[in-house]
Structures are given as structure tokens and as C-alpha cells.
**Student:** 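Here it is: the structure, laid out below.
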Amino acid sequence: MKIKRLFLWGVMGLLLASCSREYYVYSSFHEPANEGLRYLWSKDGRHWDSIPGTWLKPLVGNQKVMRDPSIQRTPDGTYHFVWTSSWKGDRGFGYASSRDLQHWSEERFIEVMSDTSTVNVWAPELFWDDTRREMMIVWASCVPYRFEKGIEDERNNHRLYYTTTKDFITFSPTRLLIDPGYSSIDATIVKTGDRQYVMVVKDNTRKARNIKVAFAEDPHGPWSKTSEPFTGMYCEGPAVAKVKDGYIIYYDRYRQKDFGAHFTKDFKTFTDISDKVHIPELHKHGTIFRAPKRIIKRLCG
């Protein structure tokens with residue numbers, strides 16, 4: 001009887017593990033970004049397939065586009081979604097939430113830059129701060145004449161800002177996250193250990209247009225000086241997938257109209273694995289997160 005009970009418990013354990021298994025999801029969009037939110041999915045974080053259709057049409061912002069879609073799940077099972085709603089003119093970004101990635105709340109526009117000279121709010125990125133139990137939202141904005149110009153035009157001299165929230169109703173005052181001394185956009189934050197954080201960020205200056213990293217003991221900073229680039233030029237929109245043996249950093253090679261990828265274990269040594277991953281054509285950069293197998297099956301129909 002004891003052997004039989006152990007066998008039954010083993011079978012139940014396998015069934016539960018199967019039911020609770022999570023897949024990777026990559027939020028995406030197609031140019032010109034007016035059709036809405038798209039998804040890719042993967043079992044291993046390396047080989048991706050498209051999920052047909054669009055799942056939320058952009059309705060907020062001056063231009064009503066949906067670029068740079070960032071999705072993050074909070075411990076209560078809610079998926080929070082933010083996006084770039086206009087190329088220029090907006091002082092905030094779009095927001096919606098969902099429990100199943102299909103049915104979304106009413107879209108809201110969240111204003112975060114009160115300076116009326118703000119040119120744009122680009123690529124809002126969500127980071128769940130499990131220490132403070134709150135969501136951190138990072139984005140790039142250009143405020144002319146606020147920083148040393150460098151080689152960029154004043155209306156293209158971006159810096160990275162952030163706000164925090166526990167409920168997406170009340171937000172902390174906007175603060176500067178990092179000033180690396182050059183125009184920077186498309187930042188994503190990864191927690192790699194206790195008091196160990198990595199920022200993967202695009203150097204948006206004309207001589208660079210590549211991806212670098214910085215390190216901190218607190219996601220609010222202070223952040224280290226950014227590294228030397230580990231990609232070539234004309235890359236943007238980095239997204240990170242935690243895989244079994246390390247991390248894969250994906251990035252949009254926008255002139256080649258495809259994706260590149262680097263593997264790393266420590267964010268100091270990088271291996272180009274672009275020829276070992278697959279992302280279908282037409283997709284553009286978003287963020288990578290995890291979702292239960294049952295949700296992915298429903299999305300795929």
C-alpha cells in the first residue's frame with residue numbers, strides 16, 4: 001500500500017507540475033504600431049513562435065500608437081502593461097491591466113513629466129521591486145537644455161527617469177534614474193541576486209547606437225558607469241530572458257530588420273548567439289516575462 005500511495009503522489013506531483021508550468025512570453029508590435037499589442041511565446045527562451053492576432057488596440061496619447069510594450073506580473077496574478085503612446089508630444093504613457101492577457105482594463109494615460117518643454121516619453125519599462133513591494137517604471141525623456149548637449153541635438157538628448165507605485169493610482173514624484181553623460185534610452189532592469197541589479201540600456205548617440213550595462217545595489221541607484229558596448233551599432237530595445245544556465249539578452253537590430261541575442265552568466269562576459277535563436281519576422285521589441293501554460297494555450301486558440 002505504501003508503494004501504491006507513493007506512486008499516486010508521484011503522478012499527482014507530475015500533473016501539478018505540468019499544470020503550473022510557465023512559458024516565456026515576448027510582448028511585441030508590428031510597424032507602424034497602430035494595430036495593437038502582439039505576443040510571441042517560447043518553451044525554452046530561445047525559439048519563439050507568433051501568437052496570432054492583436055490583443056489591445058491603442059486608444060490613448062496624441063498619436064495613439066502602441067510601441068515598446070512592457071508587461072510585468074505582480075504577485076497577485078495581475079499583468080500590468082505600459083507602452084509608448086506617441087513619438088513626440090506626450091508627457092506620459094499608456095497603461096492597462098489584465099488577469100489573462102486577453103481581456104484588458106480600460107486604457108489610461110499616465111502623465112509623468114510635468115515640464116511642458118518635454119519632447120517625449122519613450123519606452124516605459126516595468127520592474128517589480130520585490131524588496132519594496134512596488135512597481136518601478138523607467139522611461140526615457142528629452143528635456144531640452146537640461147543636460148550637457150554632447151553631440152546630440154537638444155531635442156534628442158535623452159535621459160532616464162522613473163516613478164514608483166503600489167496601485168497604479170498613486171505615483172511617487174518623477175526622479176532622474178541615471179545620467180551616463182550621453183543620450184540614453186530603452187533601459188531594462190534585472191535583479192540577479194540579493195542587492196545585485198543590472199541595467200541593460202541603449203547608448204543613443206550617433207557614434208554608438210549600441211547596448212551597454214550598468215550595475216547597482218538598489219534599483220533606484222546610484223548606478224555605476226556604463227560598460228563598453230557588447231553589441232554592434234543600430235541596436236535597441238533590449239529584453240532579458242532568465243534561462244536555466246544564465247541570461248539571454250535580445251535586442252532589435254532595426255536596420256537589419258531582425259533580432260540579435262547575447263548570452264551571459266554575469267553581465268560582464270557576453271557570447272553572441274544570434275544564429276542560435278529564432279524570432280519570426282515583422283515583430284518589434286517589447287519585454288520578456290513568464291505566464292502559465294494554460295494562458296498561452298488560450299491565447300493560441
Side-chain angles (χ1 to χ4, degrees), residues 15-30 33 35-45 48-61 64-85 92-112 123-139 163-172 188-191 219 239-242 283-301:
L15 289 173
L16 288 171
S18 176
C19 291
S20 62
R21 184 178 181 183
E22 292 188 329
Y23 289 159
Y24 294 91
V25 185
Y26 203 159
S27 56
S28 172
F29 67 99
H30 287 182
E35 295 175 330
L37 173 65
R38 295 179 182 271
Y39 302 123
L40 300 126
W41 75 279
S42 172
K43 290 183 180 181
D44 60 7
W48 299 83
D49 289 313
S50 299
I51 295 177
T54 56
W55 301 94
L56 187 66
K57 183 177 176 61
L59 299 175
V60 300
K64 294 181 175 56
V65 295
M66 190 171 280
R67 308 184 67 85
D68 317 299
S70 176
I71 297 176
Q72 179 67 255
R73 182 175 61 187
T74 44
D76 66 356
T78 301
Y79 294 91
H80 299 274
F81 172 31
V82 294
W83 65 90
T84 304
S85 52
F93 48 78
Y95 168 77
S97 64
S98 174
R99 300 286 294 187
D100 60 6
L101 299 177
Q102 294 186 59
H103 306 93
W104 291 92
S105 66
E106 183 178 354
E107 296 174 36
R108 289 162 45 207
F109 182 80
I110 298 174
E111 184 171 320
V112 288
E125 184 84 9
L126 297 171
F127 172 74
W128 173 249
D129 186 343
D130 59 1
T131 300
R132 295 181 175 89
R133 307 292 294 177
E134 65 185 13
M135 194 71 81
M136 184 176 177
I137 312 166
V138 179
W139 68 90
T163 184
T164 62
T165 182
K166 293 183 181 295
D167 55 13
F168 282 88
I169 297 174
T170 303
F171 297 85
S172 68
T188 186
I189 296 175
V190 181
K191 185 175 184 178
V240 181
K242 176 70 174 72
H283 286 282
K284 300 294 291 181
H285 57 271
T287 55
I288 297 171
F289 59 99
R290 303 292 291 271
K293 178 180 177 181
R294 57 181 172 79
I295 287 183
I296 305 307
K297 282 192 168 184
R298 289 173 185 166
L299 288 171
C300 292

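Predicted model, so just to flag it, every value in this text is computed and none were measured.
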**Student:** Looking at CZ of Phe289 and CD1 of Ile71, how far apart are the two atoms once the value is rounded to the nearest 0.5 Å?
**Tutor:** 4.0 Å

**Student:** Side chains of Leu299 and Ile295: closer than 4.5 Å at any heavy-atom pair?
**Tutor:** yes

**Student:** Who passes side-chain hydrogen bond (donor to acceptor under 3.5 Å, both in side chains) against Trp48, sequence neighbours left out?
**Tutor:** Tyr250

**Student:** Would you say the side chain of Phe29 lies within less than 4.5 Å of the side chain of Trp83, judging by non-hydrogen atoms?
**Tutor:** no

**Student:** Using the side-chain hydrogen bond (donor to acceptor under 3.5 Å, both in side chains) criterion, which residues pair with Ser28? Sequence neighbours excluded.
**Tutor:**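 side-chain hydrogen bond (donor to acceptor under 3.5 Å, both in side chains) list for Ser28, sorted by chain: His283.
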
**Student:** For the side chain to side chain contact (heavy atoms under 4.5 Å, CB included) test, which of Glu125, Met135, Met136 pairs with Gln72?
**Tutor:** Met135

**Student:** Measure across Leu59 and Lys64 and return the closest heavy-atom pair with its distance rounded to 0.1 Å.
**Tutor:**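 Smallest interatomic distance, heavy atoms only, reads O-CE, 3.2 Å.
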
**Student:** Which value, rounded to the nearest 0.5 Å, describes the distance between Arg290 atom CZ and Lys242 atom NZ?
**Tutor:** 9.5 Å

**Student:** Among residues at least two apart in sequence or on other chains, which ones pass salt bridge (Lys or Arg N to Asp or Glu O under 4.0 Å) with Lys166?
**Tutor:** Glu134

**Student:** Which residues satisfy the ring-ring contact (aromatic ring centres under 6.0 Å, His included) test with Trp128, sequence neighbours excluded?
**Tutor:**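 By the ring-ring contact (aromatic ring centres under 6.0 Å, His included) rule, Trp128 matches no residue at all.
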
**Student:** Tell me every residue that passes side-chain hydrogen bond (donor to acceptor under 3.5 Å, both in side chains) with Arg38, counting only those two or more places apart in sequence or in another chain.
**Tutor:**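 Partners of Arg38 under the side-chain hydrogen bond (donor to acceptor under 3.5 Å, both in side chains) test: His30, Glu35.
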
**Student:** Looking only at heavy atoms, what is the nearest atom pair of Phe127 and Ile189, with distance?
**Tutor:**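 Here Phe127 and Ile189 meet closest at CD1-O, 3.4 Å.
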
**Student:** Only counting residues at least two apart or in another chain, list the ones meeting ring-ring contact (aromatic ring centres under 6.0 Å, His included) with Phe109.
**Tutor:** none

**Student:** Do Lys191 and Asp130 have side chains that get closer than 4.5 Å, going by heavy atoms?
**Tutor:**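 Contact flag for Lys191/Asp130 side chains = yes.
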
**Student:** Shortest non-hydrogen contact from Met66 to Phe81?
**Tutor:** SD-CZ, 3.7 Å

**Student:** Between Ile137 and Tyr95, is a side chain to side chain contact (heavy atoms under 4.5 Å, CB included) present by the stated rule, with each step listed?
**Tutor:** CA-CA 11 Å; Ile137 312 166; Tyr95 168 77; over 6 Å; no

**Student:** Would Tyr39 and Trp41 count as a close aromatic pair, with their ring centres under 6.0 Å?
**Tutor:** no

**Student:** List the atom of Asp167, the atom of Thr170, and the distance in Å for their closest heavy-atom pair.
**Tutor:**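 Residues Asp167 and Thr170, closest heavy atoms: OD1-N, 2.9 Å.
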
**Student:** At their closest point, which heavy atom of Gly286 faces which heavy atom of Ala239, and how far apart are they?
**Tutor:**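 Smallest heavy-atom distance, with atoms named: O-CB, 3.6 Å.
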
**Student:** Sequence neighbours left out, what passes side-chain contact (heavy atoms from CB on, under 4.5 Å) with Arg298? Give chain and number order.
**Tutor:**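 So Arg298 forms a side-chain contact (heavy atoms from CB on, under 4.5 Å) with Gln102, Arg294.
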
**Student:** Can you name the residues that form a side-chain contact (heavy atoms from CB on, under 4.5 Å) with Thr78, not counting sequence neighbours?
**Tutor:**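 Partners of Thr78 by the side-chain contact (heavy atoms from CB on, under 4.5 Å) criterion, ordered by chain and then number, come out as Thr74, Asp76, His80, Ser97, Arg99.
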
**Student:** Can you list everything that forms a side-chain contact (heavy atoms from CB on, under 4.5 Å) with Ser98? Sequence neighbours excluded, please.
**Tutor:**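 Per chain and number, Ser98 pairs via side-chain contact (heavy atoms from CB on, under 4.5 Å) with Asp100, Trp104.
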
**Student:** Can you list the residues that meet the side-chain contact (heavy atoms from CB on, under 4.5 Å) rule with Asp44, with sequence neighbours excluded?
**Tutor:** Ser42, Arg46, His47

**Student:** For the residue pair Phe171 and Phe168, categorise the inter-ring angle as parallel (less than 30°), tilted (30 to 60°) or perpendicular (more than 60°).
**Tutor:** perpendicular

**Student:** Between CG of Asp129 and OG1 of Thr165, what distance do you get to the nearest 0.5 Å?
**Tutor:** 12.5 Å

**Student:** Suppose we screen for side-chain hydrogen bond (donor to acceptor under 3.5 Å, both in side chains). Which residues come up paired with Tyr24, at least two apart in sequence or across chains?
**Tutor:**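 Not a single residue meets the side-chain hydrogen bond (donor to acceptor under 3.5 Å, both in side chains) criterion with Tyr24.
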
**Student:** I'd like to check Tyr26 versus Ile51 (side-chain heavy atoms, cut-off strictly below 4.5 Å). Are they in contact?
**Tutor:**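 Answer no - side chains too far apart.
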
**Student:** Taking only residues two or more places apart in sequence or in another chain, which ones pass ring-ring contact (aromatic ring centres under 6.0 Å, His included) with Phe93?
**Tutor:**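 ring-ring contact (aromatic ring centres under 6.0 Å, His included) list for Phe93, sorted by chain: empty.
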
**Student:** Is there a donor-acceptor pair closer than 3.5 Å between any side-chain N or O of Ser172 and the backbone N or O of Thr163?
**Tutor:** no

**Student:** Please tell me if the side chains of Thr84 and Pro124 come closer than 4.5 Å, counting only heavy atoms from C-beta onward.
**Tutor:** yes

**Student:** Mind checking whether Pro75 and Arg133 have side chains closer than 4.5 Å, heavy atoms only?
**Tutor:**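 Yes. Closest side-chain heavy atoms under 4.5 Å.
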
**Student:** Okay, side chain of Ser27, backbone of Thr287: is any donor-acceptor separation there less than 3.5 Å?
**Tutor:**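 Side chain of Ser27 to backbone of Thr287: a pair is present.
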
**Student:** Search all heavy atoms of Pro58 against all heavy atoms of Gly36 and return the closest pair with its distance.
**Tutor:**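 Distance-wise, the nearest heavy atoms are CD-CA, 3.7 Å.
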
**Student:** Could you grab the distance from atom OG1 of Thr188 to atom CG of Asp68, nearest 0.5 Å is fine?
**Tutor:**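 Going from OG1 on Thr188 over to CG on Asp68, the span is 11.5 Å.
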
